[in-house]
Amino acid sequence: MNYAAPKGTRDILPPETAEWQAVERLFSEVAGLFGYGEIRIPTFESTEVFQRGVGDATDIVQKEMYTFDDKGGRSITLRPEGTAGVVRSFVQRGMSSQPYPIKLYYMLNMFRYENVQEGRYREFHQLGLESFGAEGPEIDAEIIALLQLFFDRVGLKETHLNINSIGCADCRAVYHEALKDYFRPHLNELCEDCRKRFEINPLRILDCKVERCQTIAKEAPLLQDFLDDDCRTHFEGLKKELDALGLKYRVEPRLVRGLDYYTRTVFEYVSDHVGTQGTICGGGRYDKLVEALGGPKVPACGFAMGEERLLLEMAAQKVSLMPEQSASLYIGSIGDEAGIAARRLGFALRTKGIRVETELCGRGVKGQMKYAGKSGLRYSMILGDNELATQTAELKDMNSGEKQTVRLDDAEALYTALTKG
RNA sequence: GUGGAAUUAGCUCAGUUGGUUAGAGCGCCAGUUUGUGGCAUUGGAGGUCGUGGGUUCGAUUCCCAUAUUCCACCCCA
């Protein structure tokens, strides 16, 4: 093979693309039911947008970005996530002058330089949304309700919702110190990574998978106990709202997100099937991000869902959104004259919305029928001298094998015959 | 960035203890049937045995490097 797609990228081919289209159509529909409109933003931004937006200390910015200088010497980065770009657009386009809340959804490809595994690629796709201007927990709950409706419509079960509150900058500062005080005596027992985390972001130690670290972290103080009154009230409000809407969740005190911009509410949907890449969807509140990117004080909340992971989960749970095959016909032919007649009839039927295929590879009748059967076409007919002379043909139902005689010069009757079943 | 496994036809995989033209099933094309698919039967096309080096009279097979995929870390969607 001379050329291969770059590591971590994939070609998505039919019929799989039909499944993608169906998922995206459904996501657009459900988002629309909640008042969200689609936003499309550039594939690349100034590198600074992500350094500021996602956070300089995060793994994404430190080691996973596709960054390069363009010919004008500007530092450009392929988007590794959607939120920073949407917020940049929000600020640049002055969207805060529109009535709150401003609700935007997106379906975009993302780029991260990572080691590849199933459900984890260097170019991948996210379905996500952001809402700006609403501060209360009601909108957090509404977003979760939107996700629940989406999963229901897709037909997914067995995905768990975990929620937590990581407080605001004020309570986190107090908690940080408390955590450090707790871990300091154990510093020598922690793994190498955690000793680094101790300096950079001790919150992450809670997430560590190393058994020894987990044992130590078990007794660590919980962020819950350090939330200030406003943050605590907000989190209690969220739980109350979720209960009222009948949405099931689990409070996961150790749930921490890897992006710096989150405040207060964080949540994720986790699957049991998709290996270690079980997080299908993650999100939360980011009340300070708009300001951080030079905009006004506007609270915000959103999530992003991995489309590849969603589709993997759908496959694991054996659900499919493949659309039903609509009316379709194969018109075969013998001879040049009949070929022209077949293509002319086909064109006429297509203008009426029927899927039609004709012979384009010069096959014999048997080969033509074989193609019609394998291509999933519902009906077939073969045109030859007799059919042209009598203007009638045998219309064959490819499922039952039954045949009926139809007139070729009565377009209305032919259309009825093709669409009735 | 770290560690492990895999890579042979379009797909799923055999195989060669190093030796002439590398196999199967499925798929594709065609014949049996000068005009009707799925079954049967016969034939055909399709492979630089991931890539590049090395050892050897000779490498798809052994060695080294490298790429890709998968898995575990890490991290995230």
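Order of the sequence lines fixes the chain letters, A, B, ..., with proteins taken first and strands second; residue numbering starts at 1 for each chain.
- Taking 3.5 Å as the limit, the base of B/A77 and the side chain of A/R120 contain no donor-acceptor pair of atoms between them.
- Here A/Q117 reaches the OP1 or OP2 of B/A72: one of its side-chain N or O atoms lies under 4.0 Å away.
- Close to B/U68, at under 4.0 Å from its OP1 or OP2, lies a side-chain N or O of A/K7.
- Positionally, the nearest nucleotide of RNA chain B for A/V116 lies more toward the 5' end than for the other of A/H125 and A/V116.
- Aromatic rings of A/F226 and A/Y175 (six-membered ring for Trp) have centroids within the 6.0 Å cut-off, being under it.
- Between the P atom of B/G37 and the OH atom of A/Y379 lies a distance of 18 Å, rounded to the nearest Å.
- Of the residues in residues 387-399 of chain A, those with a non-hydrogen atom less than 4.0 angstrom from any atom of RNA chain B are A/E387, A/K396, A/D397, A/M398.
- Remark: A/R153 engages A/E29 in a salt bridge, criterion side-chain N to carboxylate O under 4.0 Å.
- Put simply, CD on A/E308 is 12 Å from P on B/C70, counting in whole angstrom units.
- Under 4.0 Å is where a charged nitrogen must lie from a carboxylate oxygen, and between A/E38 and A/R40 at least one such pair does.
- RNA chain B contains the following stems of three or more consecutive Watson-Crick or G-U pairs, with both distances under 3.5 Å: B:1-7 with B:67-73, B:10-13 with B:23-26, B:28-32 with B:40-44, B:50-54 with B:62-66.
- No side-chain heavy atom of A/E359 sits under 4.5 Å from any side-chain heavy atom of A/R343.
- Distance alone, capped at 3.5 Å, is enough to place a donor-acceptor pair between the A/E308 side chain and the A/H125 backbone.
- Contacts between residues 355-369 of chain A and RNA chain B, defined by a heavy-atom separation under 4.0 Å, are made by A/R363, A/V365, A/K366, A/M369.
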